[in-house]
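By convention here, the first residue in the shown sequence is residue 1. Order of appearance sets the numbers: ligands from 1, and atoms from 1 within every ligand.
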Amino acid sequence: MELAGALRWFFVFLSERRTLQEWVTRNGWVRRAARRFVAGETLEEACDVAARLNAQGRAVTLNLLGERTTRPEDARAAAVLYRKVLEEIHLRRMRADLAVKLTQLGLDLSRELLEETLHGICAQARRLGGSVWIDMEASRYVEATLDLYRGLRASGYGPDTVGVALQAYLYRSERDLEFLLRLGARVRLVKGAYAEPPSVAYPRKADVDRAYVRLLERLLREGEQSAIATHDERILAHARRLATAYGIPPDRFEFQMLYGVRRDLQAQMVQEGYRLRVYVPFGPDWYPYFMRRLGERPANVGFLLRSLVREGP
Ligand code: FDA
């Protein structure tokens, strides 16, 4: 296994350890370090960050952190908060949409519960002229996620109201892109953030990058309002060249990046006149998300250790 892959695997492993989560989230210095990637624990803090980013010409995706919910009341509570987020976006006239994780809304519990929570959020989005992205989680959830997405579309939610993420590292994604394009879906293309076995995903980073470029070329040509979600400078340059070559104007697609990651590149894209959206997560359940961000880049572990040396545990 490559070093980068091993690091990611290790942090995804840690992200699933609930006992470590309890210890880590009680620790003041880790909480402060996590603020680099997480807007805060409350909706108010997230709205402040969103307003700041909007003022810098960047649109926002708000995400209430939380995944793999084990109690129906937690799934329902998350759905209530998401509807509230949509209301705040509307009231404050923010350039913002929403991203949800289906395991947060009850995917592991029951189909009925998930449909209740998800449809409630999408109905609210449609009523307020808002928009929802469905994040893609570990590979065992992909089939169900795409199935639910198809169900939403069949229930009359258009691509403006609901879009879905697609992970380039999965072998199946070329087929899934085909399916999504036929459905007229709005797609956010990402590399993929979970630790997957070589039976389902490319183990080598170079192969993931190549797969991303293949999917990107097709998505840019055939997709509508597609989102190119990466901080990979080579891929971003390639996407800009392709858009020019295919004659696709900058208002037909957007770039998306994560809060706290490559802020220099984010500013550059806006300056060049491209549409940029920043994914802004918030909420008390930040531990798994933070662990995945640490595992994406060895330098982030150094950053965490430096803050430990500075502040002490
Ligand atoms: P890559 O990992 O090759 O990084 C390219 C460069 O970006 C690095 O060299 C570094 O400079 C910088 N960089 C990347 N990650 C960094 C980090 N954590 N800290 C500091 N610098 C970093 N995944 C998923 O499985 N399901 C999903 O639904 C989503 N949704 C999503 C939305 C948006 C808007 C983004 C940008 C990403 C996701 N992801 C995701 C995460 C995605 O799968 C991937 O893990 C990260 O984007 C990192 O990969 P890059 O494409 O940036 O490339």
Exercise. Heavy atoms only: give me the nearest Asn54-Ala59 pair and the separation to one decimal.
Key: ND2-CA, 3.9 Å
Self-check item: Protein non-hydrogen atom below 4.0 angstrom of atom 47 (O) of ligand 1 present
Solution: yes
Practice problem: Ignoring hydrogens, tell whether any protein atom lies closer than 4.0 Å to atom 30 (N) of ligand 1; use the non-hydrogen atoms only. | Solution: yes
Quiz item: Any salt bridge between Arg172 and Glu143, counting N to O under 4.0 Å?
Solution: yes
Quiz item: Considering only heavy atoms, does Ile235 approach ligand 1 within less than 4.0 Å through its side chain, its backbone, both, or neither?
Solution: neither
Practice problem: Determine whether the aromatic ring centres of Tyr279 and Tyr259 lie less than 6.0 Å apart. | Solution: no
Practice problem: Would you verify whether the NZ or CZ of Arg293 falls within 45 degrees of the ring axis of Trp286 while also being under 6.0 Å from that six-membered ring's centre? | Solution: no
Quiz item: So between Glu233, Arg188, Arg8, Met136, whose heavy atom ends up nearest atom 32 (C) of ligand 1?
Solution: Arg188
Practice problem: For ligand 1, indicate whether the residue Val261 contacts it via side chain, backbone, both or neither (heavy-atom separation under 4.0 Å). | Solution: side chain
Quiz item: Can you check whether Arg36 has an N/O within less than 3.5 Å of an N/O in ligand 1?
Solution: no
Practice problem: Check whether more than 12 heavy atoms from other residues, nucleotides or ligands sit under 6.0 Å from atom CD of Gln271, and answer yes or no. | Solution: no
Quiz item: What do you reckon, does Tyr194 have a nitrogen or oxygen under 3.5 Å from a nitrogen or oxygen of ligand 1?
Solution: no
Quiz item: Would you say atom 2 (O) of ligand 1 touches the protein, meaning some protein heavy atom is under 4.0 Å from it?
Solution: no
Self-check item: The one among Glu137, Lys191, Glu296 that brings a heavy atom closest to atom 45 (O) of ligand 1
Solution: Glu296
Quiz item: Among the heavy atoms of Lys101, does any lie under 4.0 Å from an atom of ligand 1?
Solution: no
